[in-house]
Amino acid sequence: MSKEITSRAQDYSQWYNDLILKSGLADYSAVRGCMVIKPYGFALWENMRDVLDKMFKDTGHVNAYFPLFVPKSLFEAEEKNAEGFAKECAVVTHYRLKADPNNKGKLIVDPEAKLEEELVVRPTSEAIIWNTYKTWIQSYRDLPILVNQWANVVRWEMRTRLFLRTAEFLWQEGHTAHATAEEAIVETKKMLDVYADFVENWMALPVVKGVKSPNERFAGAEDTYCIEALMQDGKALQAGTSHFLGQNFAKAFDVKFSDKENKLDYVWATSWGVSTRLIGALVMAHSDDNGLVLPPKIAPVQVVIVPIYRGEEQKQVIDAKVQELVKQLKALGITVKYDDSDNARPGWKFAEYELKGVPVRVALGPKDLENNVAEVARRDTKEKSSVSLDGFAQHIQQLLEDIQQNLFNRAKSYRDEHITPANTWDEFVQTLDTKGGFVAAHWDGTPETEEKIKELSKATIRCIPLNNTEEAGACILTGKPSSQRVLFARAY
RNA sequence: CGGGAUGUAGCGUAGCCCGGUUAUCGCGCCUGGUUUGGGACCAGGAGGUCGCAAGUUCGAAUCUUGCCAUCCCGACCA
C-alpha cells in the first residue's frame, strides 16, 4: 500500500492535495475546475449542513429554492453586484444541440436555437431572489422574510483548488428582507455569530469576527462582515460572510413596502453564506502528515473498532463483545463503525483510519478481552491507552469531547501566537515573510493605501475586528494617522 | 489568461533524447492457501484506447501540430 502523503514541510500545497485525494474526500473530474465530492467528503458536508440548517431554523429561517439560471437583464439590475461578478460568469446562450452533419455521431450547438436573452448561471442569487421578493412584499406585515437556500453556484475561476476555490461549489445563501435598517443590521450580525458559533464549536476552528474594508466588501453590500480563520501555513482564509445590503437590491428591483403610517419605503436586506470551502479550512487547520484530523462533532465516523484475532473462534468471541460495545456507544449517540472486514490486516486499517481522520480508534483482541479492556487510540495526539470495558461508552464519550476541545485549543493557541503587531513597514513585511499569520497594523483607511500594501506585500486586509480597541497610531505604509489596528494577512 | 512542468493498468513508475517482436517493474486487484496486537506471506492469474485527435512514416508510447486535464509560479478572485 503506497498512500504516501507529501509532508507539510516539504510542500504544503501538495500535502493538502494528497490528503483530500487519498483520504477519499474528493476527486478531480473531467470538467475543468470542477471536482467530485466523494461519499466520505459528502458525509462530512452533510453533517456540517445539518448542524447549520438547524441553527438557521432555530433563528427563525426557512428554506426555499430558486432557479439556477438568471436572465441577464435581471442579473445586471444591481450594477455593482453585476460588475463584481461579470468576469466569472458562465452564460447559457443556446438551448439545443443537434447531430453534426459533417461528423457522424457528434453533436453541435444548433445555431437555430439561440436564446433571445442569455441566462447567467448564478454566481449568487440576489438578483433572482430580489426579483421574486418584489412579488412577495407589499406591507410591513409581509416582513421580515427570512429565507435560506442550499444550492450550487458557479464562478468561473481562473485558478482552482480542491474545496478552496472550484468553478462550481455547494453553499447556503440566506437572503432576508426587513422593514428597518436596524433590524437588517441585527440580522447581519446575528448570522455572523451563528457562523462563528458553528465554526468554533463544531469545526473546532477559532475565528476572528470582523468587518471588511471597502476593497474587500461584497459588491452591492453596504457592509460585509466576515469570520477569518488561520491555516497551519500561516495563510488566512475567509470562512464565511454576512452582508448588510442596505436598500441597494430593493432599489434595483423596486421592492417597496407600506409601513404602519402607510408610507412607502424600500426594503432593507441582508445576505449571508458559507460553502464547501469550509471543508478546505477544516483540512488545513487540524490535519497532520499522517492524514486528516476531524473534529468529533462533525466527523462522519467518530469511533472505529478494529478486531484482532486468530481464527474464527476468537473472532466470534470478539464479535459478540464488540456488538455490546457498539450498542452502548450508539445509545450515547456516537457514530461507530465496526470494521471486521477480512480484506485488510489490523495495521493496514490503523493507517487507513488515521488517513481518514477518524477521531477514535478502538482495537480489541484476545489479550484485551482477558483483561476486560480495549486499546483506545486518539487521532489528535496519537496517544494510545488501555481502557476498561466497564463504563467504556462513557469513557469514549468523554474522550470525544476532550478531542474536540483539544483541537480547538490547539488551533486557538496557534492562531493567538500568530497575531503579530507591526509598527514599521520592515517589521510588517518581515513578519509576513518569516512568521506568517495575521499582522495587526495601522492603516490610514484609504483604498489606495490598501491597494498599495497589497501590491508590495501580497497581504490584504482580512478584516477590521469587531470590538477592536481604539489606539492612535500611524499607517504602516503612509504614516498618516490611524485610530485602530486592522488585521493583514496573505490569504487563500 | 501568461510562464513552467506533467499525463504509460486503480496508484506509483521504466522505456521517449536515438521510431522497429508480445510496453518494464513495484503496490493494489482476482483465485487458492497460510495469516491477523502498526500498512503480512507463498503460489497462480487477470488487467493497457501509452491523456485525446490529426499528421509524418513501411512502422509511433517514442517525432510534429492542435486540443483536454492536473500541478507550480503569476494575473484574477466576496
Side-chain angles (χ1 to χ4, degrees), chain A residues 1-6 11-18 21-22 27-35 80-81 84-89 103 106 123-124 126 153 155-162 164-167 169 171 173 211-221 223-228 237-243 245 271-275 277 290-291 306-312 314-315 318 339-355 361-371 373-375 377 382 384 386 454-455 458 460 462-463 491-492:
Chain A
M1 198 63 198
S2 58
K3 281 198 174 172
E4 284 300 303
I5 295 170
T6 308
D11 185 342
Y12 191 84
S13 297
Q14 194 56 48
W15 166 79
Y16 176 79
N17 289 331
D18 282 356
L21 297 173
K22 293 182 179 177
D27 236 333
Y28 293 113
S29 75
V31 192
R32 173 186 221 122
C34 296
M35 62 183 217
K80 279 186 188 154
N81 188 255
F85 282 112
K87 290 190 296 287
E88 43 187 327
C89 284
N103 205 344
K106 304 285 178 175
T124 180
E126 273 79 3
V153 286
R155 298 177 187 180
W156 215 261
E157 301 288 353
M158 286 299 154
R159 191 172 161 190
T160 57
R161 301 199 61 187
L162 294 167
L164 297 177
R165 179 170 286 112
T166 47
F169 58 92
W171 77 343
E173 44 182 326
V211 63
K212 287 290 188 188
S213 64
N215 277 8
E216 299 282 323
R217 186 184 290 154
F218 176 67
D223 268 315
T224 289
Y225 294 85
C226 62
I227 49 173
E228 292 285 327
L237 186 136
Q238 177 178 297
T241 49
S242 184
H243 314 289
L245 301 174
S271 71
W272 28 272
V274 296
S275 71
R277 186 180 221 210
N290 293 305
V306 177
I308 310 228
Y309 57 90
R310 293 169 197 270
E312 264 309 300
Q314 273 189 3
K315 169 123 197 316
I318 289 164
D339 185 354
D340 67 339
S341 64
D342 198 33
N343 300 335
R345 297 167 79 255
W348 191 91
K349 292 178 186 173
F350 293 174
E352 185 66 13
Y353 290 112
E354 268 164 25
L355 176 60
R361 183 190 73 231
V362 176
L364 196 67
K367 288 180 209 161
D368 300 309
L369 279 188
E370 275 174 37
N371 299 316
V373 296
E375 182 194 81
K382 301 241 252 336
K384 289 196 271 200
S386 193
K454 182 180 172 184
E455 199 184 306
K458 309 265 182 226
T460 50
R462 301 320 303 160
C463 70
Y492 279 101

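In what follows, chains carry the letters A, B, and so on, assigned in the order in which the sequence lines appear, proteins first and then strands, with residues in each chain numbered from 1. In this text, all values refer to a predicted model and were calculated from it rather than measured experimentally.
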From the set [options], return the single nucleotide nearest to any side-chain atom of [X].
X	options	result
K458(A)	G38(B), A75(B), C71(B)	A75(B)
A363(A)	C76(B), U36(B), G37(B)	G37(B)
N17(A)	C72(B), C77(B), U36(B)	C72(B)
E354(A)	U36(B), C77(B), G38(B)	G38(B)
S13(A)	C72(B), G37(B), A69(B)	C72(B)
Y28(A)	U70(B), U35(B), C77(B)	U70(B)
M158(A)	C77(B), G38(B), C76(B)	C76(B)
R32(A)	C77(B), G37(B), U70(B)	U70(B)
R345(A)	G38(B), C76(B), U36(B)	U36(B)
E88(A)	G38(B), C77(B), U36(B)	C77(B)

Rounded distance in Å - [atom1] ([X]) to [atom2] ([N]):
X	N	atom1	atom2	value
L162(A)	A69(B)	CG	P	15 Å
R159(A)	A69(B)	CZ	C1'	16 Å
E157(A)	C71(B)	CD	C1'	18 Å
W348(A)	C41(B)	CH2	P	15 Å

- Lys/Arg N to Asp/Glu carboxylate O, E352(A) vs R361(A), below 4.0 Å: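 Result for this pair is no, no salt bridge flagged.
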- Item | Electrostatic pair E354(A):K382(A) at N-O distance under 4.0 angstrom |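 Salt bridge between E354(A) and K382(A), a charged N being under 4.0 Å from a carboxylate O: no.
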Distance between [atom1] atoms of [N] and [M] (Å, rounded):
N	M	atom1	answer
C41(B)	G51(B)	P	32 Å
A46(B)	U31(B)	P	15 Å
U70(B)	C11(B)	C1'	15 Å

Just to be sure I understand the rule, does [X] reach a base, reach only the sugar-phosphate, or reach nothing, if contact means heavy atoms closer than 4.0 Å?
X	value
D368(A)	base
P307(A)	nothing
A219(A)	base
G220(A)	nothing
K367(A)	base
R277(A)	nothing

- Message: For a quick check, tell me whether the side chain of K382(A) and the base of G38(B) share a donor-acceptor pair closer than 3.5 Å.
- Response: no
- Message: Tell me if the side-chain of R310(A) makes a donor-acceptor pair with the base of G37(B), cut-off 3.5 Å, by modelled atom types.
- Response: no
- Is the W15(A) ring parallel, tilted or perpendicular to the Y12(A) ring (thresholds 30°, 60°)? tilted
